[in-house]
> 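First the structure, which I've put down as structure tokens, then a few questions once you've had a look.
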Amino acid sequence: MLWIILIGFVAGIVARLLSRGPNRPAGFLLTTALGIAGAFLATFIGQSVGWYRPDQGAGFIGAIVGAVVVLFIWNRIAASRGGLT
């Protein structure tokens, strides 16, 4: 469990560095949640497409890509709500 949180946090930090935007989540908990959500998204998509077996999860790079996608969706939702800052 600690390993998942650590990988999620690092993936969230890398995703925030790669994706600049005015409405990005800040703080340890949101960054960690961003990375963990990205890892789950990458695992779900990878298993659906057939890149991963059902008992296999996405790796670190997959978690980063998934976190960038989650951050992009986060920014689009925030922008559609009237430009919250």
> Got a second to check how far Ile45's CD1 is from Phe40's CZ, nearest 0.5 Å?
14.0 Å

> Could you point out which residue of Ile36, Val65, Val69 forms a side chain to side chain contact (heavy atoms under 4.5 Å, CB included) with Leu41?
Val69

> Give the minimum heavy-atom separation between Tyr52 and Thr43, together with the two atoms involved.
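Tyr52 and Thr43 have their closest heavy atoms at CD1-O, 4.2 Å.
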
> Does the side-chain contact (heavy atoms from CB on, under 4.5 Å) test come out yes or no for Leu18 and Ile64, once each step is laid out?
CA-CA 9 Å; Leu18 292 175; Ile64 292 172; 4.0 Å; yes

> Under a single-linkage definition using a 4.5 Å side-chain heavy-atom cutoff for Ile, Leu, Val, Met, Phe, Trp and Tyr, are Leu34 and Phe72 assigned to the same hydrophobic cluster?
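No: no chain of side-chain contacts under 4.5 Å links Leu34 to Phe72.
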
> Which heavy atom of Ala67 sits nearest to which heavy atom of Gly35, and what is that distance?
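Residues Ala67 and Gly35, closest heavy atoms: CB-CA, 4.2 Å.
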
> How about Phe60: does its CZ atom have over 12 heavy atoms from other parts shown lying under 6.0 Å from it?
yes

> Applying side-chain contact (heavy atoms from CB on, under 4.5 Å), name anything that partners Ala63, two or more places apart in sequence or on another chain.
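Ala63: side-chain contact (heavy atoms from CB on, under 4.5 Å) contacts with Ala11, Ala39.
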
> Which residue pairs pass the salt bridge (charged side-chain N to carboxylate O under 4.0 Å, His left out) test with at least one member in residues 28-54, sequence neighbours excluded?
Arg53-Asp55

